[in-house]
Amino acid sequence: MSKTSQQNPSTDASGVSVIHTQAHSSGLQQVPQLVPVSPGGGGKAVPPSKQGKKSSFVDRNSDEYRQRRERNNMAVKKSRLKSKQKAQDTLQRVNQLKEENERLEAKIKLLTKELSVLKDLFLEHAHNFADNVQPVGTETTTTNPENSGQ
């Protein structure tokens, strides 16, 4: 079973190269590949925001330009302030969490000590209790002098 394929490149009206592939002796359906065509032969695609602005000249002395620059400068200041505030908030939160962590670690130490003391008391009590209780099979019988003679 020999497979042969042919590629027929063509360019449509939007400047996109479409490669049609035909495969012989294959039951699989081929999907056309879209390849962008650029004058330099390849590279990065140009974002839509920059496509139409290449040929337009901006007069830097115009009122519109100054207004745009002023709005942009204000937006940059606002963005930087917001970023600083976010960093300060994060730092404050980190400090709060560190303090809480230290407090919780101190509480863990205290509770561990308390547990140790209670364990020791329990074991001491259990040991004393075991010494005072006689095993079930070794009970001593005491005779009551009042009942002996009857």
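Numbers here are sequence positions counted from 1. The basis for the numbers below is simple: all heavy atoms, side chains too, and nothing from hydrogens, waters or symmetry mates.
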Q: Could you state the interatomic distance from CD (Q96) to CD (Q92), rounded to the nearest 0.5 Å?
A: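 Rounded to the nearest 0.5 Å, the CD-CD separation comes out at 5.0 Å.
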
Q: Taking S79 for its side chain and A75 for its backbone only, find out whether a donor-acceptor pair lies under 3.5 Å.
A: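 The answer is no, because no donor-acceptor pair under 3.5 Å joins these two groups.
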
Q: By the rule that ILVMFWY residues connect when side-chain heavy atoms come within less than 4.5 angstrom, directly or transitively, which residues belong alongside F122?
A: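 Listed partners: L123.
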
Q: Return the CG to CD distance between N72 and Q67, rounded to the nearest 0.5 Å.
A: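 Reported value, rounded in 0.5 Å steps: 13.5 Å.
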
Q: Is there a donor-acceptor pair under 3.5 Å between the side chain of N101 and the backbone N or O of L97?
A: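 Answer holds: no.
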
Q: Hey, does V76 have a side-chain heavy atom less than 4.5 Å from the side chain of R80?
A: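 Yes - at least one pair of side-chain heavy atoms lies under 4.5 Å apart.
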
Q: Would you call E64-R68 a salt bridge at under 4.0 Å N-O?
A: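 Salt bridge: yes.
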
Q: Will you find, in the side chains of Q85 and D89, an N or O donor that is under 3.5 Å from an N or O acceptor?
A: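 Yes, side-chain donor-acceptor contact under 3.5 Å.
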
Q: Using 0.5 Å steps for rounding, measure from the CG atom of L115 to the CG atom of L110.
A: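 Separation between the atoms: 11.5 Å.
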
Q: About how many Å separate NZ of K82 and NZ of K84, when rounded to the nearest 0.5 Å?
A: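 Answer for the NZ-NZ pair, K84 versus K82, is 16.0 Å.
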
Q: Are R66 and D63 close enough that some pair of their side-chain heavy atoms sits under 4.5 Å apart?
A: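 Heavy-atom side-chain distance check passes, below 4.5 Å.
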
Q: Taking side-chain contact (heavy atoms from CB on, under 4.5 Å) as the criterion, tell me which of T112, L111, V117 meets it with E114.
A: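 It is L111; the other options fail the test.
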
Q: Can you tell me how far CD of Q88 sits from CG of L81, rounded to the nearest 0.5 angstrom?
A: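 So the gap between those two atoms works out to 9.5 Å.
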
